[in-house]
Amino acid sequence: GAVVSQHPSWVICKSGTSVKIECRSLDFQATTMFWYRQFPKQSLMLMATSNEGSKATYEQGVEKDKFLINHASLTLSTLTVTSAHPEDSSFYICSATWLWQNTEAFFGQGTRLTVV
Amino acid sequence: GIQVEQSPPDLILQEGANSTLRCNFSDSVNNLQWFHQNPWGQLINLFYIPSGTKQNGRLSATTVATERYSLLYISSSQTTDSGVYFCAADPFNDMRFGAGTRLTVKP
C-alpha cells in the first residue's frame with residue numbers, strides 16, 4: 001500500500017509553546033488529508049479534513065485558531081498546535097487519500113504529544 | 001455525519017478460537033476499512049472493503065453495503081491478535097471511526 005510518513009513520532013513541549021506535526025505522502029499525491037486525535041483507550045476523533053490548496057474544514061468543537069492546518073502541496077500537510085496546554089496532550093494521527101484513484105485512506109504512524 | 005457502531009466492545013477468547021467483529025454504519029459509503037491498532041498506536045490496515053468479501057490468511061472481511069454492515073472474521077486466533085480493532089467508514093471525504101473492539105486472546 002501507499003506510505004504516509006508522520007513526523008515527529010513523539011514530542012514533549014512546554015506549556016505555551018507551539019508544536020508542528022508533519023504528514024507526508026511519500027509515493028502518491030494526496031488530494032485529501034485527515035487529522036485525528038486519540039485519547040487513551042478511546043477511538044480516533046476526526047479533527048479536520050484538508051484538501052490541497054484550500055482551507056481545512058474543522059469538526060464542530062475543534063478550535064481553528066489553536067489547531068492550524070496547512071495542506072499547501074499534494075504531498076504535505078502540517079498540523080500546528082499553538083499555545084499548547086497540558087490538555088492538548090494526546091495522540092495525533094494523519095491519513096491521506098487521493099479521490100480520483102479510490103477512496104482508501106493510508107495512515108501515518110502517529111505523533112504522541114506531551115505538554116508539560 | 002455518518003455514525004459507525006462496533007460490537008462487541010470487548011472480546012476475550014482462548015487461543016485457537018474463532019471470532020466475528022461487527023461494524024454497522026448509518027449511511028452509504030465509498031470506503032470501509034478495518035484496522036488493528038498496535039500497542040504503539042500505529043494503525044495496521046487490514047482491509048479496504050467498501051463491498052464484497054476479502055481474505056488475508058486467517059483474517060477475512062465481508063461488507064454488505066446495501067444493509068450497511070461489515071464483518072471481520074478472525075480464525076484460529078493467536079495471542080498476537082490481541083489489541084484494538086477499528087472499522088472506519090467514509091461516505092465521501094468524511095472518514096469516521098467506530099469505538100473499536102478490544103480483543104484479548106489468552107494462551
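Every chain is numbered from 1 and lettered A, B, ... according to where its sequence line falls, protein lines coming before strand lines.
The side-chain heavy atoms of A:I93 and B:Q37, taken from C-beta on, include a pair separated by under 4.5 Å. At least one side-chain heavy atom of B:R58 sits less than 4.5 Å from a side-chain heavy atom of B:I74.
Only the side chain of B:N45 comes within contact range of chain A, judged by heavy atoms closer than 4.5 Å. Heavy-atom distances place no part of A:Q6 under 4.5 Å from chain B, backbone and side chain included.
Aromatic ring centres of B:F97 and A:F107: separated by under 6.0 Å.
Each of B:V29, B:N30, B:N38 has some count of heavy-atom pairs under 4.5 Å with chain A, and the biggest count is that of B:N30. Across B:G41, B:G1, B:A88, B:P50, the residue that shares the most heavy-atom pairs under 4.5 angstrom with chain A is B:G41. For the set B:R102, B:Q33, B:Q42, B:Q6, the count of heavy-atom pairs under 4.5 angstrom toward chain A peaks at B:Q33.
Here the shortest heavy-atom pairing between B:Q3 and B:S26 reads N-OG, 2.7 Å.
Under the 3.5 Å distance criterion, with hydrogens and angles disregarded, no donor-acceptor pair is assigned to the side chains of B:S82 and B:T104.
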